[in-house]
Chemist: 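Structure provided below as structure tokens; questions to follow.
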Number of protein chains: 2
Amino acid sequence: MPDQTKERIVDAAYRALVKQGYHETSMKDIAAEAGVAPGLAHYYFETKEDLLVATIERACQPVMEAWRQAGMNLTGPLPEDADPMVVARMGFELAKEELRTYRGLFLLTFDMFGVGLHNPKIAAAVRAFIDERRAFIARITQGVIAGMNEAPIASADAIAAALWGSLHGIYLQKVMNPDFDAEAAIDALSEMAIAFATRPRVSLEVR
Amino acid sequence: MPDQTKERIVDAAYRALVKQGYHETSMKDIAAEAGVAPGLAHYYFETKEDLLVATIERACQPVMEAWRQAGMNLTGPLPEDADPMVVARMGFELAKEELRTYRGLFLLTFDMFGVGLHNPKIAAAVRAFIDERRAFIARITQGVIAGMNEAPIASADAIAAALWGSLHGIYLQKVMNPDFDAEAAIDALSEMAIAFATRPRVSLEVR
DNA sequence: CCCTTTTATTTGGTCAATCAATCAAACGCG
DNA sequence: CGCGTTTGATTGATTGACCAAATAAAAGGG
């Protein structure tokens with residue numbers, strides 16, 4: 001049962017990493033959590049970094065699945081007949097849903113961001129992670145802009161970057177402080193985005 | 001020259017931490033960078049955590065100073081006669097300025113966020129760091145809301161959280177990828193915020 | 001002013017603990 | 001038997017923390 005064992009190690013790595021973080025989790029810890037010998041993890045993963053990357057990818061699968069079930073594909077194109085405004089609103093709802101469901105994944109992700117600051121291999125994985133989600137938001141934004149009364153100054157990519165950043169920043173505040181009302185913050189962001197998308201001609205001059 | 005030595009250690013810690021990150025920097029590295037004996041850092045700072053906290057506080061000083069010189073006090077009240085809209089616009093400009101100037105501080109900050117995920121003492125420092133900046137934004141937001149045509153659904157605090165999160169998320173993208181056009185993202189955020197602040201009565205229904 | 005005592009600072013080495021990674025040997029299934 | 005899998009002990013290196021001794025600075029006394 002080689003594949004099964006590999007999976008058991010990745011699952012154990014997820015639990016251990018969520019609980020203790022990358023630098024505080026040893027390969028021995030992970031092996032113990034998986035109930036295998038200390039050396040076995042290195043049979044399947046050459047380095048600890050590789051195991052972390054595999055763990056992230058695995059942990060993202062249920063999220064991707066949730067998006068797909070909601071009729072949205074993070075990587076594929078938007079459905080032909082989709083109203084971008086509707087998709088955007090659904091996106092904000094899904095963001096709130098994620099917040100309730102995937103606290104462990106966020107811990108893992110933010111931990112990986114920290115590690116990636118000084119680790120090229122992890123940094124590459126982090127950039128890919130960001131790019132995928134940002135590109136998805138950009139596709140929606142593109143459609144929203146097309147339907148706007150007045151073209152915005154900023155590009156769809158820049159707006160997507162601001163939106164992704166905002167969601168990330170809100171998630172971070174939630175992880176750092178469980179009492180933080182992240183849903184209210186997402187609602188606020190949503191309200192800003194809608195005001196932007198439905199704005200009439202507006203002067204940028206200070207009143 | 002006890003104070004001077006302590007300062008030299010903190011400065012060395014800043015350089016070493018920015019270059020290598022918390023977990024890859026040993027107390028010995030910092031002592032070497034400062035040109036003092038390996039054990040000396042432990043004379044001034046009981047633990048490595050304490051040194052990190054001191055280093056962050058020190059690194060934030062020039063930023064605080066820049067804000068103060070721009071006529072804004074991160075901790076104090078807004079000036080009586082200040083137009084919140086003008087302050088907000090200046091805030092976005094300062095955010096862009098910071099981005100150009102303080103890359104090292106951002107690396108340090110994001111590193112600290114990562115460490116704080118699984119380290120209570122650092123986590124407390126992180127929460128204080130976030131709260132201070134978010135509260136400042138909230139004061140501006142409060143004033144902007146007061147001048148709006150229609151009261152928003154979201155509270156000033158929620159909006160401030162979304163805005164701070166967005167700035168943080170944009171900074172992160174910049175740190176992770178120097179080619180990322182963070183100024184465009186901040187401009188996009190600014191455009192959204194202004195659309196929100198100057199919006200007329202708008203239906204939340206999907207068109 | 002010099003000498004002594006006390007206190008503050010700095011040194012450099014030691015400590016036990018921990019780590020990722022390696023590897024030879026054992027296992028077990030076909 | 002043979003080969004992919006698994007074991008668990010080992011390696012060499014590094015870590016944060018600690019400490020006793022050395023040095024410098026300050027205080028006090030004659």
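Below, chain A is the first sequence line, B the second, and so on; all start at residue 1.
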Chemist: I'd like a table of donor-acceptor pairs (distance under 3.5 Å, sequence neighbours excluded) in which one partner is a side-chain atom from residues 128-136 of chain A, with atom names and distances.
Modeler:
from: A:D131; atom 1: OD1; to: A:R134; atom 2: NH2; distance (Å): 2.6
from: A:R133; atom 1: NH1; to: A:F129; atom 2: O; distance (Å): 3.3
from: A:R134; atom 1: NH1; to: B:Q173; atom 2: OE1; distance (Å): 2.4

Chemist: Which of residues 112-121 of chain B have a heavy atom under 4.0 Å from DNA chain C?
Modeler: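 Residues of residues 112-121 of chain B under 4.0 Å from DNA chain C: none.
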Chemist: Using 4.0 Å as the upper bound for N to carboxylate O, is an ion pair formed by A:E24 and A:K19?
Modeler: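 Looking at A:K19 and A:E24, the cut-off is not met.
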Chemist: Is B:D181 salt-bridged to B:K174, cutoff N-O under 4.0 Å?
Modeler: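 Here B:D181 does not pair with B:K174 in a salt bridge, since their nearest N and O are not under 4.0 Å apart.
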Chemist: On the ring face of B:F45, is B:K6 found with NZ or CZ under 6.0 Å from the centre and within 45° of the axis?
Modeler: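 Pair B:K6/B:F45 counts as cation-pi.
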Chemist: Using the test side-chain contact (heavy atoms from CB on, under 4.5 Å), find all partners of B:A156 that sit at least two apart in sequence or belong to another chain.
Modeler: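 B:A156 satisfies side-chain contact (heavy atoms from CB on, under 4.5 Å) with B:T141, B:Q142, B:I145 once adjacent residues are dropped.
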Chemist: Between atom CD in B:Q4 and atom C1' in D:dA24, what is the gap in whole Å?
Modeler: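 These atoms are roughly 15 Å apart.
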Chemist: Output the rounded distance in Å from CD (A:E49) to C1' (C:dC19).
Modeler: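 To the nearest whole Å, that distance equals 14 Å.
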Chemist: Closer than 4.0 Å, any side-chain N/O of B:Y43 to the OP1 or OP2 of C:dT10?
Modeler: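 So the side chain of B:Y43 is outside the cut-off, no N or O lying under 4.0 Å from OP1 or OP2 of C:dT10.
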Chemist: Measure from CZ on A:F45 to P on D:dT6 and round the result to the nearest Å.
Modeler: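 From A:F45 CZ to D:dT6 P: 12 Å.
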Chemist: What is the separation between atom CG on A:L40 and atom P on D:dT10, rounded to the nearest whole Å?
Modeler: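 Rounding to the nearest Å, CG of A:L40 and P of D:dT10 are 19 Å apart.
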Chemist: Does the side chain of B:Y44 get closer than 4.0 angstrom to OP1 or OP2 of C:dT9 through an N or O atom?
Modeler: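 Checking C:dT9 against B:Y44, no side-chain N or O comes under 4.0 Å of OP1 or OP2.
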Chemist: Pair A:I170, A:S166 - check side-chain contact (heavy atoms from CB on, under 4.5 Å), show working.
Modeler: CA-CA 6 Å; A:I170 290 168; A:S166 194; 4.0 Å; yes
Chemist: Does B:F196 have any ring pair (Phe, Tyr, Trp, His ring centres under 6.0 Å) partners at least two apart in sequence or in another chain, and if so, which?
Modeler: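 With sequence neighbours excluded, B:F196 shows a ring pair (Phe, Tyr, Trp, His ring centres under 6.0 Å) to no residue whatsoever.
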Chemist: Pairs under 3.5 angstrom, nitrogen or oxygen only, protein versus nucleotides 25-30 of chain C, please.
Modeler:
none

Chemist: Going by heavy atoms closer than 4.0 Å, what residues in residues 17-39 of chain A are next to DNA chain C?
Modeler: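 Residues of residues 17-39 of chain A under 4.0 Å from DNA chain C: A:T25, A:S26, A:M27, A:G39.
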Chemist: Can you see if the side chain of B:T5 gets near the phosphate of C:dT9 - specifically, an N or O under 4.0 Å from OP1 or OP2?
Modeler: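 Checking B:T5 against C:dT9: no side-chain N or O falls below 4.0 Å of OP1 or OP2.
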Chemist: Do A:H23 and A:V115 touch side chain to side chain, with heavy atoms closer than 4.5 Å?
Modeler: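 In contact.
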Chemist: Just checking, is any N or O donor in the side chain of A:D50 or A:T47 under 3.5 Å from an acceptor N or O on the other one?
Modeler: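 A pair is found: one side chain offers a donor N or O, the other an acceptor, under 3.5 Å apart.
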Chemist: Can you check whether B:H42 has a side-chain N or O nearer than 4.0 Å to OP1 or OP2 of D:dC18?
Modeler: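 No, no such contact exists.
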Chemist: Do B:D11 and B:E33 touch side chain to side chain, with heavy atoms closer than 4.5 Å?
Modeler: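 B:D11 does not reach B:E33 side chain to side chain.
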Chemist: For the ring pair B:F113 and B:H168, is the centre-to-centre distance below 6.0 Å?
Modeler: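 Here the rings of B:H168 and B:F113 have centres that are less than 6.0 Å from each other.
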